*Asks:* 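Sending over a structure as structure tokens; questions will come in a sec.
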Amino acid sequence: MALAHVLGVPRIGPNRELKFAQESFWRGEIDEASLKAVASGIRQANWQRQHAAGLDFVTVGDFAFYDQMLNHIALLGCAPARFGFGDKISLSEYFQLARGNAACHAMEMTKWFDTNYHYLVPELKHDTQFSLSTEWLFEEVAEAQTAGFNAKPVLIGPLTFLYLAKEKIADFNRLDLLDRLLPVYGKILARLKAQGVEWVQIDEPILALDLSADWRTAFERAYHQLNASGVKLMLASYFGPLRENLLVAMKLPVAGVHVDCVRGGDELAHVIDWLPITKVLSAGVINGRNIWKTDLAAVYERFEGLHQRLGDRLWLAPSCSLLHVPVGLVGETRIDPELKNWLAFADEKIVALAILKTAFNVGRQVVAAELADYERALAARRASRRVHDAAVGERLAALTATHDTRNQPFTVRQAAQRGRFRLPPFPTTTIGSFPQTTEIRSARARFKKGEISEAEYTVAMQREIQYAVEKQETLGLDVLVHGEAERNDMVEYFGEQLQGYAFSQNGWVQSYGSRCVKPPIIYGDVSRPQPMTVGWTRYAQSLTGKPMKGMLTGPVTMLQWSFVRDDQSRATTALQIALAIRDEVVDLEAAGIGIIQIDEPAYREGLPLRKTDWPAYLDWASRAFRISASGVADTTQIHTHMCYSEFNDILPAIAAMDADVITIETSRSDMELLHGFGEFNYPNEIGPGVYDIHSPRVPSEPEMTRLLEKATQVIAPENLWVNPDCGLKTRGWSETEAALSNMVAAAQALRQKHEFTA
Ligand code: GLN
Ligand code: ZN
């Protein structure tokens, strides 16, 4: 009898109940008891769903008021000392760690592996102490048990916890804290055992990363110690194959191992070879990272033999926690029914798991109707004309080297562009968006609801564009932008106009804390039926004699911030999007737009988890960008923009994009991020951000002049641009004007100092 379980489920609630309760609590509108009641309701409903589907456990401990790593910081009593909290933090203190308070800045956040979820980074020092602190996990276990569920708590394993933490002072190795941490994990496991828990899921997703030998060997030591607790441990790895960590994982003294059979499918035979006869194998057979229905019949056939051999030592599961997919399809009334029938969000994945379990345990024929439904849906998707567009395929097949290279090398283009635009040295520009005021938002919302006509909406947006252009003229900026008033989101705006993209109404996924995102769904071959930005950009250009920069989102970012197809490679989808963007670039050029920016803020986050997989990714990612950018004449200047990432280890790939100008975020690192570009001798022009756009604070002219001076030490002054770190859409106009005015003054100061003539 195969068992079935999930590694975790979304905790935001079917209609983002947690978000709204959190935010009301933060505003002081509801008290802690009401917030906790909402949380408890979400947990109970989640457990009930798992139980009703016939899963063998309900997962407990996947709930968090803000973040699962922060829950562990609370559980392990290691809140940063700088906050001055006691061992056992309160819920209010928990939120202060996440959001900061008057005296302390918030803990840092970073991306959870290659997902769009962000966790709070534990801050460790050589003297950090751990102790069993908050009781929340034990209370939730009791809550589930009281409600009659078979609770399987989940913990983030000690090695993953330490690995994802950061050393606040670099005078020690955080792995040295393991011996101090393990006894606390021991106590937690003992407590859970005392509560009558049989299995504990212990997540060690770092097993899917490149680990150095010291981390790899620490696993054995750690799990020998944890094994003493007497509770059965299900060691979970996910997000990729185990590769050289496979033996380490398989030999650990734990009762079961979960492996990702979607991303790590090729190693399954190897995993089985090394599975000791006493160990349970939890097979992650349903993709927890996408929103497509699984081919259940194929899974059944693939695992049938293994089930016969393992019996109840085989558990079925999604590949990873379902945290990364939306809650359920129930509320989706507007999505096209044909497409909807191809989709599976978290709720539907749980149902699929239950169908599989029945097929294995009771017999395939018992669920023949369900399996046939799935097969029909998948067959329809495979054959659908909405998915496959022969013209797109032909264009892709016809791509040659001429499509991904500009006509002339950069130096030739640079001379041609200098002749054309005659910009001053240290030209000033912005990253694209200007403040998204309430009037802009409400006009957009009213247009979407049909309350104002397209003509009225156009007039309203043109007014905003005109306002932004006038402001930029007055400020004396050199290269202007139209301000992106008509855009809600840089991916959604384009996705809505592209063939092959669909949008859910309620497909929210937690990004961090109360913030959720609703990624578009790429379901079919992508193409651009008609120009997307030409009208607005042409209008903006008509208002000024200065160059108006066209503003587009690049293929990698369009891909990275969407749910993607599982029936073709990411690379292929990226190339399709690249061709659609290329069409837009060419049309902008034909409309007289001489400078076009193609934003790629997600370029770095697309990197695979393993370094050996990087070159292949960077190769197609940079090619996709070049395809989007290379349809234009030498005199057309292509910009790109990236932000908030470590660039140094991918500089060759950034150079390979061959954008004439790249603008990057650098102010928060005091230009440190720029050093890599200097050392690498980055050949093209660069605009290192001179001020942080995340704060309403207005930086002074000398402050920005100093940063620019710093930049001139690393980059040839004639290749430097002057711009903020990123778009200004979250700012107000007053601070934006003040900051940009100082920025223009800083550029002028630099021009004088460097004795260039404007
Ligand atoms: N052009 C976009 C803007 O200015 C870029 C946003 C981003 O980098 N994430 O808002
Ligand atoms: Zn940015």
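FYI, the numbering just counts along the sequence from 1. Given the structure is predicted, the values throughout are model-derived calculations rather than measurements. Indexing begins at 1, ligand by ligand and atom by atom, following the structure's order.
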*Asks:* So, using ring pair (Phe, Tyr, Trp, His ring centres under 6.0 Å) as the criterion, who are the partners of Tyr119 when residues are at least two apart?
*Replies:* Trp112
*Asks:* Within a reach of under 6.0 Å around NZ of Lys166, are more than 12 heavy atoms found that belong to other residues, nucleotides or ligands?
*Replies:* no
*Asks:* For the pair Trp721 and Phe426, evaluate ring pair (Phe, Tyr, Trp, His ring centres under 6.0 Å) and give the outcome as yes or no after the intermediate values.
*Replies:* CA-CA 5 Å; Trp721 284 65; Phe426 303 103; over 10 Å; no
*Asks:* If the threshold is 4.0 Å, N to carboxylate O, is there a salt bridge linking Glu23 and Arg515?
*Replies:* no
*Asks:* Side-chain contact, heavy-atom cut-off 4.5 Å: Phe410 with Glu685?
*Replies:* yes
*Asks:* Salt bridge check, Arg406 against Asp634: does any charged N sit closer than 4.0 Å to a carboxylate O?
*Replies:* no
*Asks:* Go around the Zn ion (ligand 2) and count every protein N, O or S atom nearer than 2.8 Å.
*Replies:* 3
*Asks:* Please report the closest heavy-atom contact between Asn684 and Arg413, naming both atoms and the distance.
*Replies:* ND2-NH2, 4.2 Å
*Asks:* What are the polar N/O contacts of ligand 1 with the protein below 3.5 Å, with distances?
*Replies:*
from, atom 1, to, atom 2, distance (Å)
ligand 1, 1 (N), Ile431, O, 3.1
ligand 1, 1 (N), Glu484, OE2, 2.9
ligand 1, 1 (N), Asp599, OD2, 2.6
ligand 1, 4 (O), Ile431, O, 3.3
ligand 1, 4 (O), Ser433, N, 2.9
ligand 1, 4 (O), Ser433, OG, 3.1
ligand 1, 8 (O), His641, NE2, 3.1
ligand 1, 10 (O), Ser433, OG, 2.8

*Asks:* Is there a donor-acceptor pair under 3.5 Å between the side chain of Lys549 and the backbone N or O of His482?
*Replies:* no
*Asks:* Can you sort out the partners of Lys471 under side-chain contact (heavy atoms from CB on, under 4.5 Å), two or more places apart, ordered by chain and number?
*Replies:* Tyr467, Trp733, Glu737
